[in-house]
Structures are given as C-alpha cells and as structure tokens.
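So the structure is just underneath, and the comments pick up after that.
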Number of protein chains: 2
Amino acid sequence: MNLSEGKDKFLQSWGAYGSSWGVNRTMAQIHALLMIAPQALSADDIMEELKISRGNANMNLRALIDWGLVSKELKAGERKEFFVAEKDMWKVVKNIIIQRKKKELEPMLKVLDELSSVEGDTPEAAEFVRMIKEIKLFSGKADSTLDTLVKADSNWFIGTFMKMIR
Amino acid sequence: MNLSEGKDKFLQSWGAYGSSWGVNRTMAQIHALLMIAPQALSADDIMEELKISRGNANMNLRALIDWGLVSKELKAGERKEFFVAEKDMWKVVKNIIIQRKKKELEPMLKVLDELSSVEGDTPEAAEFVRMIKEIKLFSGKADSTLDTLVKADSNWFIGTFMKMIR
DNA sequence: CAATAGTTTCAAAATTTCCTGAAAGTAAAT
DNA sequence: ATTTACTTTCAGGAAATTTTGAAACTATTG
C-alpha cells in the first residue's frame, strides 16, 4: 500500500470511528490529518486535503483546540496560523477522558443525585429510586477510576497497570 | 420531586447521554424506561410511555436485545411479548464494552495493521507509519485491558480493582 | 489610514439519521 | 382454513445535524 492510499483509508476510518462515538466526522478527520502530518498545517492545507469549506475547517479546529488535541503554531514571518496535533496517544486519550467526563459524566451524576430524592410509596417509586441509586453508585465509581487514570502518568499506566491487570 | 417528574427527567437525560455517545436517543430511552420498570413491559406500554411508533419501538427493542441489555419475557396465557432490562449495572457496562469492542475497536485494529505496511521513503511516509504504529500500540493495550475487565467479575472489579487504583 | 491577509460567524442549504405507519409476515386459537 | 392477535419490515417523510459561503470582523503592513 502506498502513502496516498493509506492516508485516505486512515482519514476515512478515523472519521467513521469518531462518528460512531458521537464525534463529528470532520472533526475526527482533521484530527487524523494533523496526527499524521510531519509538520504544522494551515487552514488552507486542511481545506484542500479534506475538501471542506473554510467555515467548517475553522469551527472544527477550534473544537479540537478546546479538547486540547490540537494547538496553534505561529511561524515567524507568516501571517497565517498553523496547527499541530498532540501526538502522544496517552495525552490524547487523557484529554478526551477529561473532556467527556466534564461534559457528560459529571452532569449525569448531578442529575442522578437529584433523582435519588424522588418520593412515593408505590412499587414504581421504590424501584425507580433503587435503580437510580444503583446507577449512581456505579457511575460514581467509574468517575473516581477515571480521575485516578487521568492523574496517573503514561509510564504508570502502560507499565504497572497493564501488567497488573493481565 | 415526584415519580412522574423524576421519570421524565431520567428518560430525557438518559436519551441525551446516549445520544452524545453515538447511541440512538430512542434506544437509550427505551433502555432507561425498562431499567426503572418494576415489571416487564409490552411494546404497547413502551409506545405509550415514550410516544413512539410501533416500528420504532420494535427496531430499538431488537437492537437492545442484540446488545444483551434487554430480554424477551413470555407471560403464561398472554400472546404478546414482554421485555425486561438487565438491571445489574456491571453486566450492563460489560455488555456494552463487548459490543463496542467488537464493532469498533477490533475493526480499527485490523485497519491499523494494514496501514502499518505503507511503503515510501519520504518524511511523510515515515511519519505516517510511525504514528500508525503508535496508535496501534496504544489501541492494542486498550483492547487487552478491556478483555481483562470483561473477564473479571463484578466483585473483583468493584472491590479489588477500585481499591487498588485509588 | 487604506489596503491586504487572514479569521470568525451564522443563516440557509445539503446531508444524514431517525421515525412513522401501513402492508406483509407469523403463529396461536377457533 | 380462517380469524385473531400480535410482530416485523421498509419506503417515504420528518427531524436533526452538518456544511457551506459570503459577510463581518481583526490585525498587520505599507
């Protein structure tokens, strides 16, 4: 397989992969493109490679920066902005965990907390509260585990944890 | 908060939560509804509670059964089918991991494998292969970790692992 | 300060995903 | 063998999401 075929396949797969996890397909593709780029790319480079509009490129680049997966790079003497992706996979995953934890897990925990105070003496109310508490207990544990994982450094995770769990 | 308010809030939140993880909103809501139900529900019960069509209810129920999160229950003397959700959160999460691993992680590993054989002596090709290998290495480790997690039983996870990682 | 070189925003269009409902399918009961 | 009581399928419509592109904005340069 040559580079151009491989690149296309990677861009398309990473897009589909992201898509099935609720991440905008184009955002995932821009991320993929930057991850395999040997140097920083400009918005124009990205627009051309992925055949997308300037608006689309801009919005998704900003989102990637927000997630801590991409950063801006200024080149001396150049007026336009260049973009580079974080290439350390452990950092990539860590940032994704941090974001999704903040945007999805933590709000859910808050909702579960409110819901566990539902009143009522019917079997329906009893089962509702029981199940909400079960979900909350589990989610709370997942939340702490992720906290620990995020605080742990790459070496610890890849070394100790992986060996331990095997 | 009373039951009806709580239920509505839970159904809507669980739907939104699923949605942001690439799971059909209605599928997540049916799952939520069955999780908090004290007894098995019929397709008609679900259609009425969520105000959805028979086709929609049927398709998403089948998908939930596929994922191992819901099962059919036949009542003696009743011709119609009833549905119950798995209520043990550890089993729920385990089944979700198994499915997503099979449908998304494993195909990705296969693609990465193919991509790591890209040929070329340009810096672009070198960086491409380097990065694909980095992603593959990390994904492979994640895959093994999930394997172990899935084989481990609930008690082990909640007891040993949680304490260990804290 | 006008021109130039970019970036950002957002309403409308395009695309994708989801849902409906009616028709077809299935199987138990009579 | 026909009716009854359901379940399943899927084409077309509805809804949600994504993308475009042009106008507005910002900042550097001459």
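In what follows, chains carry the letters A, B, and so on, assigned in the order in which the sequence lines appear, proteins first and then strands, with residues in each chain numbered from 1. Just so we're clear, the structure is a prediction, and the values are computed from it rather than from any experiment.
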CG of B:Asn58 versus P of C:dA22: gap in Å, rounded? 16 Å
Specify whether A:Phe10 and A:Trp14 have parallel, tilted or perpendicular ring planes, treating 30° as the upper limit for parallel and 60° as the lower limit for perpendicular. tilted
Shortest non-hydrogen contact from B:Arg25 toward B:Ala16: NH2-CA, 3.8 Å
Rounded to whole angstroms, how far apart are CD on B:Gln29 and C1' on C:dC18? 13 Å
Let me know the distance between CZ of B:Arg25 and P of C:dC18, rounded to the nearest Å. 10 Å
Considering heavy-atom distances to DNA chain C, does A:Phe82 or A:Met59 have its closest nucleotide positioned more toward the 5' end? A:Phe82
A:Arg54 CZ - C:dT7 C1' separation (whole Å): 8 Å
Do the side chains of B:Lys87 and A:Glu127 get close enough for a salt bridge, i.e. N-O under 4.0 angstrom? yes
Has the side chain of A:Arg62 got a donor or acceptor that lies under 3.5 Å from a partner of the other kind on the base of C:dT8? no
From CG of A:Asn56 across to P of D:dT18 the rounded distance in Å is 10 Å
Where do A:Val111 and B:Ser13 come nearest, in terms of heavy atoms and distance? CG1-OG, 3.7 Å
Upstream residue (5' side of DNA chain C) when A:Ala43 and B:Ser53 are each assigned their closest nucleotide: A:Ala43
Nearest-angstrom distance from the residue atom CD1 of B:Ile46 to P of D:dC6: 15 Å
Donor-acceptor pair present, A:Arg79 side chain and C:dT4 base, under 3.5 Å: yes
Would you say a side-chain N or O of B:Thr26 is under 4.0 Å from OP1 or OP2 of C:dC18? no
Taken to the nearest whole Å, CG/A:Asn60 to P/C:dT9 is 13 Å
Could you tell me the separation between the CG atom of B:Leu50 and the C1' atom of C:dC18, rounded to a whole number of Å? 15 Å
